[in-house]
Engineer: 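Take a look at this one; I'll ask things after.
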Amino acid sequence: MYLFSAIIPPMKQLHTYLNSHEESEMHPSEIAKILKGMNDSDFSDAIKLVPKNLVGDVALALPDRLFDDVVENLSVDELSQAVTELESDDQLEFMQELEDVDEDVASKVFDTLDDEDKEEIAKLQKYEENEAGAYMQLEVFTAYEDEIVQDVIKRFAKLRKENELENVQNLFIIDHHNKLLYTVGLDDLLIFDFSKTIRENIENSQENFESKKAYDREDIKEVVHYFEEYDLSVMPVVDSNNRLLGRITSDDIYDIINEHATEQMYNLAGVDDEAEEDEDVLKAGQKRGTWLGLNLLTAIAASLVIGMFQDTINSMVALAVLMPIVASMGGNAGTQTLTVVVRQLALGDISSGDAWRIIKKEVLISLMNGLIFAIVMGVIAWLWFNIPLLGFVIALSMIINLFMAGFFGATIPLLLRSLHIDPAIGSTVILTTVTDVVGFFSFLGLAKYILL
């Protein structure tokens, strides 16, 4: 595919792809991949070539900057048709992105939708971004417990032929008040006795058909953990009265995991993920500038510590040569600890009672490395400047700084988590300040009292 893309222009790639595949075989992500390689003028023509039933999925697979171009190059009717072809959760996402681009166009598109689509979008819009209900599909395959299995299978076959259902792996069993009772995989359904009711089959089976479910107001991060822990492909969503509302599928969970990982990566670097996805250079620059300004203040704090020992540095130039090593080693060790703890928190591998275990482990690792590299650096400093005590000072300073790096690298994200703040936000800046200040202060302070 790489060689193919490198040789053939993107517009020709698209023509080749569309002509060589039946409409039912085309995948939106493949089309989106080709579109991403086009310039603006080609993109305008190319998006009109995409089959109308795939435009919505293709648009959602594109970066935000190209979604804007989709909106600019399609009419309200074409955008409306794109929304209609999507499943309910994707309809909501498409309309939200459309509102971000142009509220007036979004309003016109919404007005052209049929009542059922409007109702479904409105139903999903009532949920907050962090709630499970915001990510569910309303299209589900259900059956009553007193239905005959053969009738259920016939009904499923009919709905599937009419394309009313997609990506169905489970049958949700409900009562006549729409309350969820069981979840039955289609593979289990096929080995049921077709002449009996679903209830009779479940009662005669040794399998457990109890549903692992999510509540519509539940935090989506908890739902992600359910999928990971129980290796699920789909999960029913119910309200507080156990009434079935919809389902969350694994593809949405993968998107959430990727988005969260990207957000944390950006936060650790002091970058705003939403601003970086925007093409507005000024907005992204302002967001980065905020963190750079904070970093400048912390750098000044470290410089003030150095200034306190100006006479000490003037008395021994070797100190100026060696002191960046202490701060750098502490900063790297702290970043290692910070990255590990933040990631484990994100994966749910650290429970509320695990704080002391994590801190103890990271401090021991930092001390172990601190002792090893303190000896190495102490010998190097001794041989370099021929001052034995200088080797002792830098070695002791490195042990102190790596100890503090391990302690604060683990403590900062745990403390932020306990305050219900994303552990990645600001952690790096705080940690860098600690390791710089402690590194310079311990090294220069020890030098002042031991060497001079």
Side-chain angles (χ1 to χ4, degrees), residues 87-92 116-117 119-128 130-160 164-194 196-254 256:
E87 293 179 327
S88 52
D89 58 330
D90 291 331
Q91 286 182 334
L92 175 64
E116 184 179 352
D117 286 336
E119 184 180 344
E120 290 181 348
I121 292 171
K123 190 179 292 184
L124 294 174
Q125 279 178 328
K126 70 180 183 181
Y127 294 103
E128 299 294 332
N130 65 322
E131 292 179 333
Y135 298 88
M136 68 180 176
Q137 293 177 3
L138 300 176
E139 300 87 358
V140 289
F141 181 40
T142 62
Y144 296 117
E145 61 176 341
D146 54 4
E147 277 191 86
I148 303 296
V149 172
Q150 185 174 353
D151 296 337
V152 174
I153 292 176
K154 285 181 179 178
R155 181 158 54 84
F156 171 70
K158 180 183 177 184
L159 291 171
R160 190 67 189 88
E164 293 293 325
L165 293 173
E166 291 182 10
N167 302 320
V168 175
Q169 300 93 15
N170 298 94
L171 169 65
F172 300 123
I173 312 303
I174 57 175
D175 65 14
H176 289 276
H177 299 289
N178 202 43
K179 291 189 177 182
L180 181 65
L181 300 175
Y182 306 102
T183 298
V184 178
L186 293 185
D187 53 344
D188 290 314
L189 186 66
L190 291 175
I191 61 173
F192 278 1
D193 186 332
F194 287 12
K196 294 182 178 180
T197 65
I198 290 174
R199 185 197 298 115
E200 289 172 329
N201 276 282
I202 289 176
E203 288 174 350
N204 294 331
S205 174
Q206 295 182 353
E207 295 287 331
N208 181 14
F209 295 103
E210 294 294 327
S211 295
K212 185 61 185 174
K213 59 198 173 189
Y215 290 93
D216 60 335
R217 296 293 180 180
E218 194 169 3
D219 193 315
I220 189 61
K221 290 180 182 177
E222 293 300 318
V223 179
V224 170
H225 290 153
Y226 295 153
F227 271 81
E228 293 173 334
E229 184 176 355
Y230 297 101
D231 195 23
L232 302 173
S233 58
V234 66
M235 178 179 278
V237 181
V238 299
D239 63 12
S240 56
N241 295 315
N242 202 44
R243 287 192 295 263
L244 181 64
L245 301 177
R247 62 174 184 162
I248 294 178
T249 55
S250 56
D251 59 327
D252 293 316
I253 295 299
Y254 297 148
I256 294 166

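Starting from 1, each residue takes its place in the sequence as its number. Quick caveat: nothing in here was measured; it's all calculated off a predicted structure.
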Engineer: Enumerate, atom names and distances included, each donor-acceptor pair closer than 3.5 Å involving a side-chain atom of residues 138-148, sequence neighbours excluded.
Structural biologist:
residue	atom	partner	partner atom	Å
E139	OE1	S88	OG	3.0
E139	OE2	S88	N	3.0
E145	OE1	R199	NE	3.4
D146	OD2	H176	NE2	3.2
E147	OE1	R155	NH2	3.4
E147	OE2	Y144	N	2.9
E147	OE2	R155	NH2	3.1

Engineer: Just by modelled atom types, is the F227 backbone N or O under 3.5 Å from a matching donor or acceptor in the D231 side chain?
Structural biologist: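 Not a single qualifying donor-acceptor pair exists.
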Engineer: If you compare all heavy atoms of H177 against all heavy atoms of D175, which two are closest, and at what distance to 0.1 Å?
Structural biologist: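 What the structure gives for the nearest pair is N-OD1, 2.8 Å.
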Engineer: Please report the C-alpha distance between L244 and K213 in whole Å, then the side-chain angles of each, then the deciding distance to 0.1 Å, and finally whether the side chain to side chain contact (heavy atoms under 4.5 Å, CB included) criterion is met.
Structural biologist: CA-CA 10 Å; L244 181 64; K213 59 198 173 189; over 6 Å; no
Engineer: Can you confirm whether K196 sits close enough to N204 that some side-chain heavy atom of one is under 4.5 Å from a side-chain heavy atom of the other?
Structural biologist: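 SC-SC contact between K196 and N204 confirmed.
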Engineer: Got a donor-acceptor contact below 3.5 angstrom from the N201 side chain to the D193 backbone?
Structural biologist: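 Yes; at least one donor-acceptor contact below 3.5 Å.
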Engineer: Taking side-chain hydrogen bond (donor to acceptor under 3.5 Å, both in side chains) as the cut-off, I'd like each qualifying pair that reaches into residues 182-192, sequence neighbours left out, listed once.
Structural biologist: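 Output for this query lists T183-S211.
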Engineer: Do R160 and V168 come close enough that some side-chain heavy atom pair is under 4.5 Å?
Structural biologist: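 Counting from C-beta outward, R160 and V168 never come under 4.5 Å.
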Engineer: Once rounded to the nearest 0.5 Å, what's the spacing between atom CD1 of I220 and atom NE2 of H225?
Structural biologist: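 Atom-to-atom, I220:CD1 and H225:NE2 are 11.0 Å apart.
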Engineer: Check D117 against Q91 and note the closest heavy-atom contact, atom names and distance.
Structural biologist: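 Looking at all heavy atoms of both residues, the shortest contact is OD1-NE2, 3.3 Å.
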Engineer: Hey, could you give me the CD1/CD distance between I121 and E116, rounded to the nearest 0.5 Å?
Structural biologist: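 It is 11.0 Å, given to the nearest 0.5 Å.
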Engineer: What are the two closest non-hydrogen atoms of L180 and V238, and how far apart are they?
Structural biologist: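 Minimum heavy-atom contact is CD2-CG1, 3.9 Å.
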Engineer: Report the residues that fulfil side chain to side chain contact (heavy atoms under 4.5 Å, CB included) with K221, sequence neighbours left out, ordered by chain and then residue number.
Structural biologist: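 Listed in chain order: D219, H260.
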Engineer: Does a side-chain heavy-atom distance below 4.5 Å link V184 with F192?
Structural biologist: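 Yes. Closest side-chain heavy atoms under 4.5 Å.
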Engineer: What do the steps show when you test Y135 against I256 for side chain to side chain contact (heavy atoms under 4.5 Å, CB included), and what is the final call?
Structural biologist: CA-CA 9 Å; Y135 298 88; I256 294 166; 3.7 Å; yes
Engineer: Just to verify, what does E218 make a salt bridge (Lys or Arg N to Asp or Glu O under 4.0 Å) with, not counting sequence neighbours?
Structural biologist: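 E218 satisfies salt bridge (Lys or Arg N to Asp or Glu O under 4.0 Å) with no other residue.
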Engineer: Could you report the tightest heavy-atom contact between N170 and S233, atom names first, then the distance?
Structural biologist: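 So the minimum-distance heavy-atom pair works out to OD1-OG, 4.5 Å.
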Engineer: To the nearest 0.5 Å, tell me how far I202 CD1 sits from L181 CG.
Structural biologist: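 These two atoms lie 8.0 Å from each other.
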Engineer: If every non-hydrogen atom of Y215 is compared with every non-hydrogen atom of A132, which pair is closest and at what distance?
Structural biologist: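 Shortest heavy-atom separation between Y215 and A132 comes out as O-CB, 3.5 Å.
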Engineer: Run the side chain to side chain contact (heavy atoms under 4.5 Å, CB included) test on L189 and L186 for me, step by step, so that the C-alpha distance in whole Å, both residues' side-chain angles and the decisive distance to 0.1 Å come before the verdict.
Structural biologist: CA-CA 5 Å; L189 186 66; L186 293 185; 4.2 Å; yes
Engineer: Rounded at 0.5 Å granularity, tell me how far CG in D252 sits from CG in D90.
Structural biologist: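 Interatomic distance, D252 CG to D90 CG, rounded to 0.5 Å: 6.5 Å.
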Engineer: Do other residues, nucleotides or ligands put more than 12 heavy atoms under 6.0 Å from the CD atom of Q125?
Structural biologist: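 Check passes, neighbour count above 12.
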Engineer: Is it the case that over 12 heavy atoms from other parts of the model lie below 6.0 angstrom from the NZ atom of K212?
Structural biologist: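 Counting other residues, nucleotides and ligands, NZ of K212 exceeds 12 neighbours.
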Engineer: If you measure from CG on L92 to CD on Q137, what distance do you get to the nearest 0.5 Å?
Structural biologist: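 Those atoms lie 12.0 Å apart.
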Engineer: Taking side chain to side chain contact (heavy atoms under 4.5 Å, CB included) as the definition, give me every residue that meets it alongside E128, ordered by chain and number, with sequence neighbours left out.
Structural biologist: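 Counting only residues at least two positions away or on another chain, E128 forms a side chain to side chain contact (heavy atoms under 4.5 Å, CB included) with N130, E131.
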Engineer: Could you tell me which non-hydrogen atom of L171 sits nearest to which non-hydrogen atom of V152, and how far apart they are?
Structural biologist: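 It is CD2-CG1, 3.9 Å.
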Engineer: Check whether any side-chain heavy atom of Y230 lies under 4.5 Å from a side-chain heavy atom of M235, and answer yes or no.
Structural biologist: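 No - every pair of side-chain heavy atoms lies 4.5 Å or more apart.
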Engineer: Quick one: pull up NZ in K123 and CG in D216 and give me the separation to the nearest 0.5 Å.
Structural biologist: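 Taking NZ in K123 and CG in D216, the distance rounds to 11.0 Å.
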Engineer: Who passes salt bridge (Lys or Arg N to Asp or Glu O under 4.0 Å) against D239, sequence neighbours left out?
Structural biologist: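 Checked D239 against salt bridge (Lys or Arg N to Asp or Glu O under 4.0 Å); matches are R243.
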Engineer: Taking the side chain as everything from C-beta on, heavy atoms only, tell me whether V223 gets closer than 4.5 Å to I248.
Structural biologist: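 Side-chain contact under 4.5 Å: yes.
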